[in-house]
Amino acid sequence: MAEQRRGTHGTEGGHGADEAGEAAGAAGTAWAPEAYGEAAAAWEALVATARRTVADGLVVGTSGNVSARVGDLVLVTPSGVPYDRLTPADITGVDLAGRQVVGTLVPTSELPLHLAVYRTTDARAVVHTHAVHATAVSTLVTELPPVHYMAGALGGVVRVAPYATYGTDELARNMLRALDGRSGCLLQNHGTVTHGATLDEAYDRTAQLEWMCRLWLTASSVPGLTPSLLTEAHMAEAGARLKGYGQRR
């Protein structure tokens, strides 16, 4: 898809901190220009995460999207721009109402999905992909069968949100229902959504979800055998233990 730029949120081409601040002020947002340094760092991490989704095969082209929240500013990947072409000058941000306050590139078409997560959770990052195994599973079942305890890291059995057209409020509503009590879900005939306190956490949850979907597809493909599944008690116990997993700072 061709790169898209708005003509109403700053000058064409690159822009710096002053221009971003002026755009934010003109839009009447509560986002403070002095927060631009933090936003710039978050944008750099966001672009790195988006590129990682492509490198790891979770996204083809520009089919997925990534966002990060900095205060009341939501940074998002722009629509139709290859991630390897994104630069600091391409920073793209909206407020929680979806109004563009930073940048000239059109935000991702899946903006309603990202904003729905930020409005209803304490998430600081969202990753959406079209990972192949996860998308395949979304066409087969209404929830991912609990073949592995790592589902506990996402809050329990992973649900599949009913299909709705991409970029719509209906899809966002369906996703929120599937995410209730969870940090990740599948979108029917579409892909994955995960969120976390950081971009790394959201990305890792996406990678784990794709791996679990691949595991179930592999195990269920053996003729004459059916994968053993974990019980709700197993999942609850694993989830509790996973909350204390890793190094503490």
Is the backbone N or O of Gly71 less than 3.5 Å from a side-chain atom of Arg69, with the two atoms forming a donor-acceptor pair by type?
-> yes
Verify the cluster assignment for Leu217 and Val132: are they in a single hydrophobic cluster under the rule of side-chain heavy atoms below 4.5 Å apart?
-> no
Taking Thr129 for the side chain and Val127 for the main chain, is one N or O donor matched with an acceptor at less than 3.5 Å?
-> no
Judged by atom type as modelled, is there a donor-acceptor pair below 3.5 Å linking the side chain of His234 to the main-chain atoms of Thr231?
-> yes
Between Leu115 and Val74, the two heavy atoms sitting closest are CD2-CG2, 4.1 Å
Any chance the side chains of Asp56 and Tyr203 put a donor and an acceptor closer than 3.5 Å?
-> yes
Write down the atom of Ala134, the atom of Thr192, and the distance for their closest heavy-atom approach.
-> CB-CG2, 3.3 Å
Heavy-atom side-chain proximity of Leu229 to Val147 below 4.5 angstrom = yes
Between the SG atom in Cys185 and the CG atom in Asn174, the distance rounded to the nearest 0.5 Å is 9.5 Å
Measure from the side-chain N and O atoms of Gln100 to the backbone N and O of Gly103, and report whether any donor-acceptor pair falls under 3.5 Å.
-> yes
Over all heavy atoms of both residues, which pair between Thr168 and Pro112 is shortest? Give the atoms and the distance, please.
-> O-CB, 4.2 Å
So which pairs with a foot in residues 43-52 pass side-chain hydrogen bond (donor to acceptor under 3.5 Å, both in side chains), sequence neighbours left out?
-> none
Considering non-hydrogen atoms only, spot the tightest contact between Gly61 and Val54 and give its length.
-> O-CG2, 3.9 Å
Same cluster for Val101 and Ile91 if Ile/Leu/Val/Met/Phe/Trp/Tyr side chains link at under 4.5 Å?
-> yes
Distance (rounded to the nearest 0.5 Å) between Leu46 CG and Leu86 CG = 8.5 Å
Looking at His195, His114, His190, which one forms a side-chain hydrogen bond (donor to acceptor under 3.5 Å, both in side chains) with His128?
-> His190
Run the side chain to side chain contact (heavy atoms under 4.5 Å, CB included) check on Thr135 and Cys213 step by step: do they pass?
-> CA-CA 9 Å; Thr135 304; Cys213 288; over 6 Å; no
Any donor and acceptor pair, going by atom type alone, linking the side chain of Thr77 with main-chain N or O of Asn65 inside 3.5 Å?
-> no
Using the side chain to side chain contact (heavy atoms under 4.5 Å, CB included) rule, take Leu111 and Val94 through it: C-alpha gap first, then chi angles, then the decisive distance, then the call.
-> CA-CA 9 Å; Leu111 186 59; Val94 301; 3.9 Å; yes
Under 3.5 Å, is there a donor-acceptor pair between the side chain of Thr139 and the main chain of Ala136?
-> yes
Looking at CG of Leu230 and CE of Met235, how far apart are the two atoms once the value is rounded to the nearest 0.5 Å?
-> 6.0 Å
Do Leu242 and Val157 share a hydrophobic cluster, counting only Ile, Leu, Val, Met, Phe, Trp and Tyr and linking them when any side-chain heavy atoms are less than 4.5 Å apart?
-> no
Nearest 0.5 Å please: distance from the CD atom of Gln188 over to the OG atom of Ser138.
-> 6.5 Å
Flag the pair Arg214 and Glu210 as a salt bridge only when some basic side-chain nitrogen lies within less than 4.0 angstrom of an acidic carboxylate oxygen.
-> no
Which is it for Val160 and Leu187 under the side chain to side chain contact (heavy atoms under 4.5 Å, CB included) test, yes or no, and what are the steps along the way?
-> CA-CA 6 Å; Val160 180; Leu187 306 177; over 6 Å; no
Applying the 4.5 Å side-chain criterion to the ILVMFWY set and letting contacts propagate, would Val76 and Leu105 be lumped into a single cluster?
-> no
Begin with the C-alpha distance, continue with both residues' side-chain angles, and end with the deciding distance and a verdict on side chain to side chain contact (heavy atoms under 4.5 Å, CB included) for Met212 and Leu144.
-> CA-CA 8 Å; Met212 286 188 290; Leu144 173 63; 3.9 Å; yes
Point-to-point distance, once rounded to the nearest 0.5 Å, from OH of Tyr118 to CG of Asp72 = 12.5 Å
Determine yes or no for a side-chain-to-main-chain donor-acceptor pair under 3.5 angstrom, with Arg124 supplying the side chain and Ala68 the backbone.
-> no
Which distance, rounded to the nearest 0.5 Å, do you find between the CZ of Arg182 and the CG of Asp180?
-> 8.0 Å
Trp211 and His148: aromatic ring centres closer than 6.0 Å?
-> yes
Has the side chain of Asp90 got a donor or acceptor atom that lies under 3.5 Å from a matching backbone atom of Thr87?
-> yes
Side-chain (Glu237) to main-chain (Ala233) donor-acceptor, under 3.5 angstrom = no
Please name the pair of heavy atoms, one in Val158 and one in Leu154, separated by the smallest distance, quoted to 0.1 Å.
-> CG2-CD1, 3.7 Å
Quick check: does any side chain N or O of Thr194 sit under 3.5 Å from a backbone N or O of Ala202, one acting as donor and the other as acceptor?
-> yes
Determine, using the 4.5 Å side-chain heavy-atom cutoff (strictly less than), whether Tyr163 and Val193 are members of one ILVMFWY cluster.
-> no
For Tyr83 against Ala50, the heavy-atom pair lying closest together | CD1-O, 3.3 Å
